[in-house]
2 protein chains.
Amino acid sequence: MSIASVSRVLNGKAARPDTTDRVRAAAAELGYLPDAAARSLKLGSGRQVTLAVDDIGNPVYSELMQGVVDGLSGSGARLSIASTGQEPSELSALVRNLSRGLADGLVISPLRRSSELLRSLVDSPIPVVVVGNLADAVPLDSVRIDSAGAVRLAYRHLQSMGAARIAFVGGPPDTAPGSARLTAFRQLAQHDDGRVLVTGSFTVRSGERAWNKLAALSKAERPDAVLAANDLLALGILRGALSAGVAVPEQLAVAGIDDITFARVFSPALTSVSLRSRERGRLAAELLQHRMSEPSAPPQMRTVTPRLVVRESTCRS
Amino acid sequence: MSIASVSRVLNGKAARPDTTDRVRAAAAELGYLPDAAARSLKLGSGRQVTLAVDDIGNPVYSELMQGVVDGLSGSGARLSIASTGQEPSELSALVRNLSRGLADGLVISPLRRSSELLRSLVDSPIPVVVVGNLADAVPLDSVRIDSAGAVRLAYRHLQSMGAARIAFVGGPPDTAPGSARLTAFRQLAQHDDGRVLVTGSFTVRSGERAWNKLAALSKAERPDAVLAANDLLALGILRGALSAGVAVPEQLAVAGIDDITFARVFSPALTSVSLRSRERGRLAAELLQHRMSEPSAPPQMRTVTPRLVVRESTCRS
DNA sequence: TTGTAGGCGTTATCAG
DNA sequence: CTGATAACGCCTACAA
């Protein structure tokens, strides 16, 4: 029995039936498995896709991941996800060390788009798709959202529900979504007396702290609606308000952005603007596969339209 | 400049200073990166750990992952996580295809422990640590929990808060935690008239459906407390009860198991039994590293003690 | 201290 | 249709 025959049979190439059988039998007998490292070395690719995010603890990224799985399904590619989880912006280091053999394609959704990171991405030895709004000059495939549109959707909705003083609770302004959403709100509210609060992280904890600041305001200053830059912040506000005995939405309407799975579970259920994380993941996977099969095609772009999901936190039915 | 010198410098072996400098300069210039596949082939290991779970969408597994990251940090190992996400019990297939070169160690937390899966695990060509309660005869490292203790903690607590009729909402009985927690409850409640409901999945949706069944009960039969087999089910119950205008905890007390991050965010905050997912992840990573350095040591076991976290859903302060 | 050469397990080419 | 053989890129004796 020769090495070459084994390789052929296991890769589904033509072979005489009895040879095929003998090989299969022997492989089963010995528990033989092809060595993925060697195959990857020889072929120059191991059908391995990596998803890199800052914090897989955030439900948004779990959903993004589900989408990537959807988009990859049937292609035979394996997905491995890398999350720094601890230090933000360790992503740069992660990307730099992503040599061939570890991954053959990368989907990345970076909170902070430092120029260092972008350079690593452009120079990457493997195909890259970015989930986020890049500058047009960056020659990279990307899946984008209309941040300004998302904020506007929520803002107009709050107004239409009768809110007179809408406060904005933003995330860290040094992050891409943090700054985009903040800018969008300022744009909209420049003629209203909208109050703006900025927090240190996109977390429930930060949302609760933001609530405390809001609650300390004088009666006249206090908002009757809050637009939060993401759902975790919104949930923190909601939690704070409810604990303080403030009725939602009667005394305070609250809306978030992202429409995470838990948004509908909360009580009152959270009104939110869906950014279709799952679909974005799917699109990213498709772009990546296209890029892997056609490495020198011009950069592509997909844009996803935000959608308002009205629930109890802004509108008691 | 010779290949060997490059290899030596890049791996931190001794070399003359000026050689070192020249190599580094050239590497930076050319953007050279060692090919991980080739290195892995030669060395027989790529410092790559895989975490396999049924559904990374479940917050429990996100926390487990954080723990594995904690336990791995400083070891230089990379973590990649594999989630079937779609078909339950595709884990078997995943494990069977996990040849050398893809991963050098595996942490797995299977919902269903089919004998097929266990066989794959025992025969695996790479070290394996199981997060879950294996039969003692299975020669595998494992991180365990005291399921019966966890259920008892919640049950006794509900009793001590004055609950007279405690209903149990269980998960799928064909899963390991589903069956263990159900058995534990039956054991405890055999002399009480505790009602038992079994659901098809450990999800919020299933919890809501279970609430509908509970709500359809006659006044006399209706429970005054619910013990749910996990927090997602508990949240579903909570959501259902609140929507129906039932006061929690005054008319219905609700307790869950897992103590997911969102448990404290919910309003009323959910009483739950912590199974310390993050610590279990950390322990699993430690066991795995030990196993990788000492492949033929006898199987080890760690057990984590559950802890009751009392919050508003059982006890209005 | 540096260079040369062999082989890790696989696939692809080329004779038989 | 099958068997021998040459790379893939790396690390590591061993020789210089």
Side-chain angles (χ1 to χ4, degrees), chain A residues 1-48 50 76-78 96-105 123-127 292-293 295, chain B residues 1-48 50 76-78 96-105 123-127 292-293 295:
Chain A
M1 185 77 60
S2 85
I3 314 256
S5 295
V6 175
S7 173
R8 274 188 290 257
V9 169
L10 265 41
N11 289 26
K13 312 263 184 188
R16 215 189 303 150
D18 67 318
T19 311
T20 304
D21 290 347
R22 266 170 49 206
V23 169
R24 288 210 199 291
E29 173 86 22
L30 303 174
Y32 168 82
L33 273 182
D35 182 313
R39 167 182 263 146
S40 174
L41 173 59
K42 179 64 183 169
L43 271 340
S45 154
R47 316 189 69 46
Q48 182 91 223
T50 293
R78 262 173 301 274
R96 262 198 315 280
N97 295 336
L98 213 55
S99 63
R100 223 208 60 199
L102 272 185
D104 308 294
D123 296 342
S124 165
I126 61 174
M292 298 204 301
S293 65
Chain B
M1 185 79 59
S2 86
I3 314 258
S5 295
V6 176
S7 172
R8 273 188 289 257
V9 168
L10 265 41
N11 289 16
K13 311 265 184 187
R16 214 189 306 150
D18 68 319
T19 310
T20 304
D21 291 347
R22 268 172 47 208
V23 169
R24 287 208 199 292
E29 173 87 20
L30 303 174
Y32 168 82
L33 273 182
D35 182 312
R39 168 184 261 141
S40 175
L41 173 59
K42 178 65 184 171
L43 271 345
S45 154
R47 317 188 69 47
Q48 182 93 223
T50 293
R78 261 173 304 272
R96 261 199 316 281
N97 294 337
L98 214 56
S99 63
R100 223 206 59 199
L102 271 186
D104 309 294
D123 295 343
S124 165
I126 61 173
M292 297 202 302
S293 64

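Letters go in sequence order (proteins before strands), and every chain restarts at 1.
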Requested in this report: Give me the bend of the helix from C:dT1-D:dA16 to C:dG16-D:dC1, using the axes of the five pairs at each end, rounded to 10°.
Outcome: 40°
Report task. Can you sort out which residues in residues 23-33 of chain A have a heavy atom within less than 4.0 Å of DNA chain C? Ascending by number, please. Result -> A:Y32, A:L33
Query - Approximate separation, where rounding is to 0.5 Å, of A:R78 CZ and B:N97 CG - result: 7.0 Å
Query raised in the report: Tell me, do B:R100 and B:P125 make a side-chain contact under 4.5 Å, heavy atoms counted?
Result: no
Report task. Return the minimal non-hydrogen interatomic distance between B:L102 and B:Q48, and the atom names on each side. Result -> O-CG, 3.5 Å
Requested in this report: Starting from C1' on C:dC8, measure out to NZ on B:K42 and report it in whole angstrom.
Outcome: 6 Å
Requested in this report: Rounded to the nearest 0.5 Å, what's the gap from CZ on B:R16 to CG on B:D21? Could you check?
Outcome: 12.0 Å
Report summary line: Residues at least two apart in sequence or cross-chain that pass side chain to side chain donor-acceptor pair (under 3.5 Å) with A:S2, listed by chain then number, are A:S5
Report summary line: Correct closest heavy-atom pair for A:D104 and A:R47 would be OD2-N, 2.9 Å
Requested in this report: Check the surroundings of atom CD1 in A:I3: do more than 12 heavy atoms from other residues, nucleotides or ligands lie under 6.0 Å from it?
Outcome: no
Query raised in the report: Does anyone know the first and last nucleotide of DNA chain D in reach of chain A, 5' to 3', at under 4.0 angstrom to a heavy atom?
Result: D:dC1 to D:dG9
Requested in this report: Report the residue (A:D35 or B:S2) whose heavy-atom-nearest nucleotide on DNA chain C is the more 5′ of the two.
Outcome: B:S2
Query raised in the report: For DNA chain C, what residues of residues 5-14 of chain B have any heavy atom nearer than 4.0 Å?
Result: B:S5, B:R8
Query raised in the report: Reckon B:A4 touches a base, only the sugar-phosphate, or nothing at all at heavy-atom distances under 4.0 Å?
Result: base
Report task. Locate the shortest heavy-atom distance separating A:L33 from B:R96; write the atom from each residue and the value. Result -> CD1-O, 3.5 Å
Report summary line: Closest non-hydrogen contact found for B:G101 with A:A36 is C-CB, 4.1 Å
Query - Distance-minimising heavy-atom pair for A:R39 and A:N11 - result: NH2-OD1, 3.3 Å
Report task. For A:D35 and A:A37, indicate whether the former's side chain and the latter's backbone hold a donor-acceptor pair under 3.5 Å. Result -> yes
Query raised in the report: What does A:L43 touch in the nucleic acid at a heavy-atom separation under 4.0 angstrom: a base, only the sugar-phosphate, or nothing?
Result: sugar-phosphate
Query - Euclidean distance, atom CG of residue B:L41 to atom P of C:dT10 [Å, nearest integer] - result: 9 Å
Query raised in the report: Which residues pass the side chain to side chain donor-acceptor pair (under 3.5 Å) test with A:S124, sequence neighbours left out?
Result: none
Requested in this report: Over all heavy atoms of both residues, which pair between A:L98 and A:I126 is shortest? Give the atoms and the distance, please.
Outcome: CD2-CD1, 4.0 Å
